[in-house]
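Heads up, the thing below is written out as structure tokens.
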Amino acid sequence: MKIEKKLTLIAIILLILIVILTSFIGVFKIKNYKIENIIPNYLTSMEFNNSRKIIMEIDNTVESTSVYDSEGNEVEVEDGVEYLAEDGYTTVENKVNAEELLKEENYNLSKSIILQRLKSLNVGQYIVNENKQNGTIEIQIPENEDTENIITILTQKGNFEVTDEETNDVLLNKSHIANVSQVYYTQTDGSVLVALRIELNKEGKSIFSEMSNKYISTTEEVVDEETGETTENEKTSNVCVKIDDQDYLTYYFQKDVATGILKYLDAESGVITIPFGLSSETDEINKYSNNALDIKTLLDTANMPLTYENTNFEISPEINNINILVYIGIACLVALFVITIVKFKVKGLILAGVQLGYVALLLLVLRYTNVIISLEGMVGLIVCTILNFALCSKMIKNISEINTTLKNSILDLIPLFIMAVTFSFASLVNVASFGMITFWGMFVMYIYNVVITKFILKAIEK
Amino acid sequence: MNFKKIFNNKKNIILALILVVIIAGVIVKCTSGMNYALTWKNSSSIIMYIDNSLNEKDMKQILKDVFPKTASKVQFIDKSESEVFITIDKQEITDEEKTAFVEKINERYEDTLTIEELKVVENGHVRLIDYIKQFEIEIVIAIVIIVMYYIIRYRKINTKKLIEYLVEALLLPELLFFSILTILRIPVGVWTIPTAVCIFIITFMVLTYILNKENKKIESKKNKKRK
């Protein structure tokens with residue numbers, strides 16, 4: 001073997017050693033008077049971390065009490081007066097959720113709305129269970145900085161109304177919405193207005209068009225009786241856009257607005273635009289955008305048919321002893337190495353080192369690419385390790401035909417690669433974790449074996 | 001139909017056995033459903049707070065005494081050691097059981113907990129189908145592309161035979177797995193999907209090996225003919 005090749009071999013072996021040490025032990029640096037590992041930590045899924053439990057129980061509280069006389073007419077209740085049954089009065093308790101609403105159909109509807117909202121909010125992992133007898137819904141979601149916001153959206157009724165500001169009469173509701181989209185309007189000064197565009201359906205548009213004649217700004221001429229002076233008073237008749245009784249827009253229909261200027265209530269196109277904030281700062285724009293997306297989720301899903309009493313708390317992980325899984329992993333790896341050494345003797349020993357280098361490199365890649373490790377992801381990790389072992393074994397057996405072995409192996413692994421890439425786009429963290437780990441596992445496997453294993457095996461052969 | 005001929009073939013016998021297990025699984029699923037793991041099945045939860053620090057081991061022992069032969073799980077709430085969320089494999093907890101539980105807690109931790117202070121919730125079960133629905137599109141896309149890949153790569157193999165192989169590989173192992181889970185009452189929980197994914201991968205690896213063999217056979221036959 002030429003001296004350059006020998007040096008390259010030594011360099012590669014040293015490189016593998018460095019990767020193994022970096023991955024399994026770490027790189028330590030003094031930071032804020034503390035020794036800290038500068039390699040990023042592993043990100044794990046909900047099963048291994050604290051999560052939030054939300055218990056939604058049907059609200060059984062009494063909202064009001066109605067009293068009826070012997071003829072069935074409702075009586076106006078006066079303080080200090082007792083309305084007794086022997087006098088012919090009937091007292092009826094009005095619960096928050098009427099008795100006739102408490103049925104399985106509504107329980108199921110609530111659950112399906114929650115599932116839709118979870119999907120729309122891009123919650124990566126969730127467990128939802130429903131008690132069909134009493135309507136209690138239990139939700140489990142990961143604990144992070146978005147959790148509180150998600151809970152607020154999940155438990156909201158989602159009632160959308162456009163009302164008369166003065167009389168509070170409902171003019172439009174959710175049934176009049178055709179489409180909701182988030183929009184950005186860039187202003188001349190470079191700032192961005194984040195808004196929600198609510199497009200009305202045919203029926204909504206026709207009501208909206210009628211409303212545009214009533215809810216406008218008018219000017220009245222008022223004559224001062226004492227001085228005789230005439231002043232112009234502007235009077236506006238507004239509509240309110242409300243979601244769960246919270247005002248999001250109070251405005252009137254503007255006429256004669258120049259083209260290019262945004263109309264919040266556009267009667268011609270039947271569109272309501274709710275502004276969420278104007279800023280040129282990316283962080284602020286993102287904040288407004290998230291608020292708009294939350295409201296979009298509420299508008300895209302139906303109203304919750306029932307009112308719930310909510311309890312939520314953070315709970316400890318379902319699998320709280322991750323060490324057991326790590327020990328199992330180490331045991332499997334050792335078993336694999338023993339098999340390799342028994343089967344291929346000295347070459348096997350080198351192969352075991354190369355294998356360990358592969359696992360170490362893959363784990364480093366997973367840490368730097370922020371891949372979340374779930375149980376499904378661990379399956380991906382095990383599969384990739386076994387496949388790498390199989391590929392290396394094949395390469396040892398056919399050192400003279402290494403390139404053909406690599407080519408055939410790639411062809412054989414394409415179905416798994418397709419599966420990995422497709423699953424990487426899954427919204428469910430567990431499945432995406434499997435996809436991403438398998439994708440990186442196969443990518444690293446190919447590069448590692450083409451560059452390192454192939455070189456080492458050829459060098460040994462010589 | 002020549003049954004003697006059919007059952008002379010080893011593959012047919014295995015297929016028949018698999019089908020029997022799958023049918024049995026479907027029957028058990030329709031009659032008694034699947035057995036879910038504790039956190040996925042119909043259960044009851046107790047949310048409890050006391051002034052002292054609770055110990056998981058002690059809590060498990062108390063639960064064992066009050067609810068013998070019943071699976072339970074203790075999880076701490078809000079990183080505190082005095083508040084716990086207990087899941088018990090029971091659809092309803094009686095007043096006697098609540099009293100016994102409170103007495104045991106008070107005795108062990110010298111506390112004054114009352115039944116009224118316990119929050120008991122009756123939980124429904126998680127539906128496996130709701131879980132699978134979260135990635136059904138990805139499964140369908142992956143299967144369609146993989147099938148197309150196999151059809152292109154192994155075009156030399158008889159298409160009917162290839163489709164037969166693919167259908168068997170896609171359906172039988174997974175159906176067999178879920179049937180075995182149902183028949184043997186193995187709890188469906190966090191480990192189910194990872195195992196199913198594992199079976200899916202092994203099946204495709206085996207299928208690739210078989211198809212490669214078939215392909216080689218066809219190629220060697222062709223080569224012989226040419227010679």
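Order of the sequence lines sets the chain letters (A, B, ...), proteins ahead of strands, with each chain counted from 1. What you see is a predicted model; the values in this text were computed from it and never measured.
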- Item | Which portion of A:I315 sits near chain B, non-hydrogen atoms under 4.5 angstrom | both
- Tightest non-hydrogen contact, residues A:S427 and B:E138, listed as N-OE2, 4.2 Å
- Item | Between B:I145, B:I137, B:V147, B:I202, the one whose heavy-atom pairs under 4.5 Å with chain A are most numerous | B:I145
- Message: Heavy-atom count check: over 12 atoms from other residues, nucleotides or ligands less than 6.0 Å from B:K217 NZ?
- Response: no
- Would you find more than 12 non-hydrogen atoms of other residues, nucleotides or ligands less than 6.0 Å from A:E309 atom CD? yes
- Measuring heavy-atom distances to chain A, does B:D130 have an atom under 4.5 Å in its side chain, in its backbone, in both, or in neither? side chain
- Quick one: what part of B:N42 sits under 4.5 Å from any heavy atom of chain A, side chain, backbone, both or neither? neither
- Structural part of B:T39 lying under 4.5 Å from a heavy atom of chain A: both
- Query: Which pair of heavy atoms, one from A:M419 and one from B:A142, lies closest together, and at what distance?
  - Reply: CA-CB, 4.3 Å
- Message: Does any backbone or side-chain atom of A:L375 lie under 4.5 Å from a heavy atom of chain B? Answer side chain, backbone, both or neither.
- Response: both
- Item | Which portion of B:Y149 sits near chain A, non-hydrogen atoms under 4.5 angstrom | side chain
- May I ask you to decide if the ring planes of B:F135 and A:F423 are parallel, tilted or perpendicular, using 30° and 60° as cut-offs? perpendicular
- Item | Contacting moiety of A:F417, where chain B heavy atoms sit under 4.5 Å | neither
- Is it the side chain or the backbone of B:S80 that comes within 4.5 Å of chain A heavy atoms, both, or neither? neither
- Query: Where does A:E138 contact chain B at under 4.5 Å (heavy atoms): side chain, backbone, both or neither?
  - Reply: side chain
- Message: For the CG atom of A:L411 and the CZ atom of B:R153, what is their distance to the nearest 0.5 Å?
- Response: 4.5 Å
- What part of A:V128 gets closer than 4.5 Å to chain B, counting heavy atoms only: side chain, backbone, both or neither? backbone
- Taking atom OH of A:Y42 as the centre, report whether more than 12 heavy atoms of other residues, nucleotides or ligands fall under 6.0 Å from it. yes
- Other residues, nucleotides, ligands: >12 heavy atoms within 6.0 Å of B:F177 CZ: yes
- Message: Working note: A:N129 + B:Y36, criterion side-chain contact (heavy atoms from CB on, under 4.5 Å); need CA distance, chi angles, decisive distance, verdict.
- Response: CA-CA 12 Å; A:N129 53 12; B:Y36 287 91; over 6 Å; no
- Task: Would you give the length of the straight line joining atom OG1 of B:T87 to atom CD of A:E318, rounded to the nearest 0.5 angstrom?
- Result: 8.5 Å
- Message: One pair to check against side-chain contact (heavy atoms from CB on, under 4.5 Å): B:R127 and A:K111. What are the steps and the verdict?
- Response: CA-CA 12 Å; B:R127 288 173 67 216; A:K111 186 191 160 191; 3.8 Å; yes
- Query: Of the backbone (N, CA, C, O) and the side chain (C-beta and beyond), which part of A:F313 lies under 4.5 Å from a heavy atom of chain B, both, or neither?
  - Reply: both
- Can you tell me how far the CD1 atom of B:I77 sits from the CG atom of A:N312, to the nearest 0.5 Å? 10.5 Å
- Which region of A:D412, side chain (C-beta onward) or backbone (N, CA, C, O), has a non-hydrogen atom less than 4.5 Å from a non-hydrogen atom of chain B, or is it both or neither? both
- Task: Against chain A, label B:I47 side chain, backbone, both or neither, depending on which of its atoms sit under 4.5 Å from a heavy atom there.
- Result: side chain
- Note on the structure: In terms of heavy-atom contacts, B:I146 and A:P415 come closest through CD1-O, 3.5 Å
- Query: Is any side-chain heavy atom of A:E57 closer than 4.5 Å to a side-chain heavy atom of B:K119?
  - Reply: yes
- Which one of B:T208, B:V126, B:D78 has the most heavy-atom pairs closer than 4.5 Å to chain A? B:D78
- Measure distances from B:Y150 to the heavy atoms of chain A and classify the residue's part below 4.5 Å as side chain, backbone, both or neither. side chain
- Item | A:V379 and B:F200, any side-chain heavy atoms less than 4.5 Å apart | no
- What part of A:T311 lies closer than 4.5 angstrom to a heavy atom of chain B: side chain, backbone, both or neither? side chain
- Just wondering, do B:E122 and A:T136 contact through their side chains at under 4.5 Å, heavy atoms? no
- Go through the atoms of A:L118 and report whether side chain, backbone, both or neither lie under 4.5 Å from a heavy atom of chain B. neither
- Message: If I take atom CG from residue B:N123 and atom CD1 from residue A:I137, how far apart are they, to the nearest 0.5 angstrom?
- Response: 12.0 Å
- Can you name the closest pair of heavy atoms from A:L428 and B:Q134 and give their distance? CD1-OE1, 2.8 Å
- Query: Atom CD of B:Q75 and atom CD of A:E314: how far apart are they, to the nearest 0.5 Å?
  - Reply: 11.5 Å
- Note on the structure: Honestly, the part of A:L387 sitting under 4.5 Å from a heavy atom of chain B is side chain
- Message: Out of A:T422, A:V383, A:T438, return the one with the most heavy atom pairs under 4.5 angstrom to chain B.
- Response: A:T422
- Task: Pick one of side chain, backbone, both or neither for B:E136, based on which atoms fall under 4.5 Å of a heavy atom in chain A.
- Result: neither
- Query: Which distance, rounded to the nearest 0.5 Å, do you find between the CG of A:L413 and the CZ of B:F204?
  - Reply: 13.5 Å
